[in-house]
Amino acid sequence: MDAEAWITLGTAVVAVIALVASSVSTVRARVKAIEDAYVERYWQILDRLPAEALVGQERIAPLSREECQAVRLYLRLCEDELELRQLGWVGGQTWKQWRSGIRAQLRQWPVAGEWAPIRDRVHAPRQFTLLRELDASDCYDPCKTRKFGVTRWWRQL
């Protein structure tokens, strides 16, 4: 091989490395943007929950219609987050934090009261399947239930 061939090969290798690095960076930025959007949704829903729930107190009076809707929106948000994780669009570190937070909320008022009939399939029996799985297993990760693929691996970074 002459010098010109080595230079061409070296240039091609550098170009491939730059392409891979750029792709990984783009995927990480997209994952971060998705995570940030869901955190924003979380805070919007949190603003609608009863004030007592924000400090771990339980209220005797029943939830208002708006408060009940906020709790159900929170449950829907959790299912959406699980679906995103299943697709590989939520990173591993973020998932660990979200998983522990979701599991804790499922056991606290007012979420626990709305979750129980959904968990037991009295309400929405065909929905919230991933959230039921998470509730049943403290180490559940929907991303690990799919076959491994390079694209999916990149998304988990």
Side-chain angles (χ1 to χ4, degrees), residues 17 19-157:
I17 290 171
L19 177 66
V20 169
S22 174
S23 296
V24 168
S25 179
T26 300
V27 168
R28 283 184 177 165
R30 182 176 225 165
V31 166
K32 178 73 172 122
I34 290 170
E35 292 171 354
D36 288 348
Y38 274 77
V39 168
E40 178 66 27
R41 278 182 62 194
Y42 168 76
W43 284 108
Q44 289 172 352
I45 293 169
L46 202 66
D47 287 342
R48 297 172 62 185
L49 289 176
E52 297 89 348
L54 303 178
V55 293
Q57 293 178 333
E58 192 167 330
R59 185 175 71 200
I60 297 171
L63 295 175
S64 70
R65 185 174 187 271
E66 294 79 21
E67 292 168 336
C68 184
Q69 182 181 21
V71 172
R72 291 178 182 176
L73 285 171
Y74 172 74
L75 293 172
R76 175 55 52 203
L77 173 72
C78 293
E79 183 73 9
D80 291 349
E81 290 171 347
L82 284 152
E83 289 170 0
L84 285 174
R85 177 63 179 163
Q86 186 176 51
L87 294 171
W89 288 110
V90 174
Q93 292 302 317
T94 300
W95 172 245
K96 288 176 186 176
Q97 293 174 347
W98 286 5
R99 176 177 53 205
S100 64
I102 292 168
R103 287 184 50 79
Q105 286 298 319
L106 291 177
R107 286 158 180 70
Q108 293 178 4
W109 180 87
V111 176
E114 290 297 315
W115 171 239
I118 294 171
R119 178 197 60 225
D120 299 338
R121 291 182 168 80
V122 174
H123 300 301
R126 291 182 181 88
Q127 298 175 22
F128 300 100
T129 55
L130 297 174
L131 196 52
R132 286 187 188 96
E133 289 285 331
L134 176 66
D135 191 34
S137 172
D138 62 344
C139 59
Y140 178 66
D141 186 346
C143 195
K144 293 181 180 177
T145 62
R146 295 174 49 125
K147 290 185 177 181
F148 185 80
V150 173
T151 304
R152 194 175 137 266
W153 175 76
W154 278 0
R155 291 178 184 163
Q156 291 179 44
L157 299 177

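Keep in mind that the numbers below use all heavy atoms, side chains included, and drop hydrogens, waters and symmetry copies. As the structure is a computational prediction, the values presented were derived from the model and not from experiment.
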*Indicate the ring-plane relationship of W115 and F128, choosing parallel, tilted or perpendicular according to the 30° and 60° boundaries.*
perpendicular
- Message: Given the ring of W89, does R30 sit roughly above its face, with NZ or CZ under 6.0 Å from the centre of the six-membered ring and within 45° of the axis?
- Response: yes
Q. Are any side-chain N or O atoms of S137 and backbone N or O atoms of L134, one a donor and one an acceptor, separated by less than 3.5 Å?
A. no
Rounding to 0.5 Å, atoms OG1 (T94) and CD1 (I34) come to a distance of 11.5 Å
Rounded to the nearest 0.5 angstrom, the CH2-OH distance for W98 and Y38 is 8.0 Å
Correct closest heavy-atom pair for L82 and P142 would be O-CG, 3.5 Å
Quick one, R59 with E67, criterion side-chain contact (heavy atoms from CB on, under 4.5 Å). Give me CA distance, side-chain angles, the key distance, then yes/no.
CA-CA 12 Å; R59 185 175 71 200; E67 292 168 336; 2.5 Å; yes
In short, V31 meets G88 closest at the heavy-atom pair CG2-O, 4.3 Å
_Can a donor-acceptor pair be found, under 3.5 Å and without considering hydrogens, that links the side chain of D141 to the backbone of C143?_
yes
So side chain to side chain donor-acceptor pair (under 3.5 Å) across residues 70-84, not counting sequence neighbours, yields R41-D80, R72-E114, R76-Q127
Closest heavy-atom pair, L49 versus V71, reported as atoms and distance to 0.1 Å, is CD2-CG2, 3.6 Å
Quick test of your reading of the model: are R107 and D135 salt-bridged, counting only N-O distances below 4.0 Å?
yes
